[in-house]
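Notes to accompany the following structure.
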Amino acid sequence: MHHALRKVASPDSRPFSFWSQQWQPLLQAWIAARRETEQTLSSFRPTPDPVSVVSLKDNEQRAFEAMQRFLDDENSGKHA
């Protein structure tokens, strides 16, 4: 007789999978924005366009604030 193991989701794992599914895109968006800012600012000549630097920093800041809102919601118990 053949017996197969079947994966069953644990109710305890659901908050972690939700957290990971919500957190990872926020983290990746911030990392991408940060890398773009670093890449633009890494060249000395020609000097980076100040307007594009401000735009890149704004994008990075918005991504960081989205992560911070998620963490604030987590700390306040909104994800429970």
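As the structure is a computational prediction, the values presented were derived from the model and not from experiment.
Here the CH2-CG distance, from Trp23 to Leu26, works out to 7.0 Å after rounding to the nearest 0.5 Å. To the nearest 0.5 Å, the span separating CD on Glu60 from CD on Glu65 amounts to 11.0 Å. The distance from atom CZ of Arg69 to atom OG of Ser76, rounded to the nearest 0.5 Å, is 13.0 Å.
Within a 6.0 Å sphere centred on CD of Glu38, other residues, nucleotides and ligands contribute more than 12 heavy atoms. Around CZ of Phe64, the count of heavy atoms belonging to other residues, nucleotides or ligands within 6.0 Å does not exceed 12.
Linking Ile, Leu, Val, Met, Phe, Trp and Tyr whenever their side-chain heavy atoms come within less than 4.5 Å leaves Ile31 and Leu56 in two separate clusters.
Among the candidates Asn59, Val51, Val53, the single residue satisfying the side-chain contact (heavy atoms from CB on, under 4.5 Å) test with Ser55 is Asn59. Screening Arg62, Gln68, Met67, Gln61 for a side-chain contact (heavy atoms from CB on, under 4.5 Å) with Trp30, the sole residue that qualifies is Met67.
Ion pairing of Lys78 with Glu74 is absent here, as no side-chain N (NZ or NE/NH1/NH2) approaches a carboxylate O to less than 4.0 Å.
Here the shortest heavy-atom pairing between Pro48 and Thr40 reads CG-O, 3.4 Å. Residues Pro25 and Ser20 approach most closely at CD-O, 4.2 Å, considering heavy atoms.
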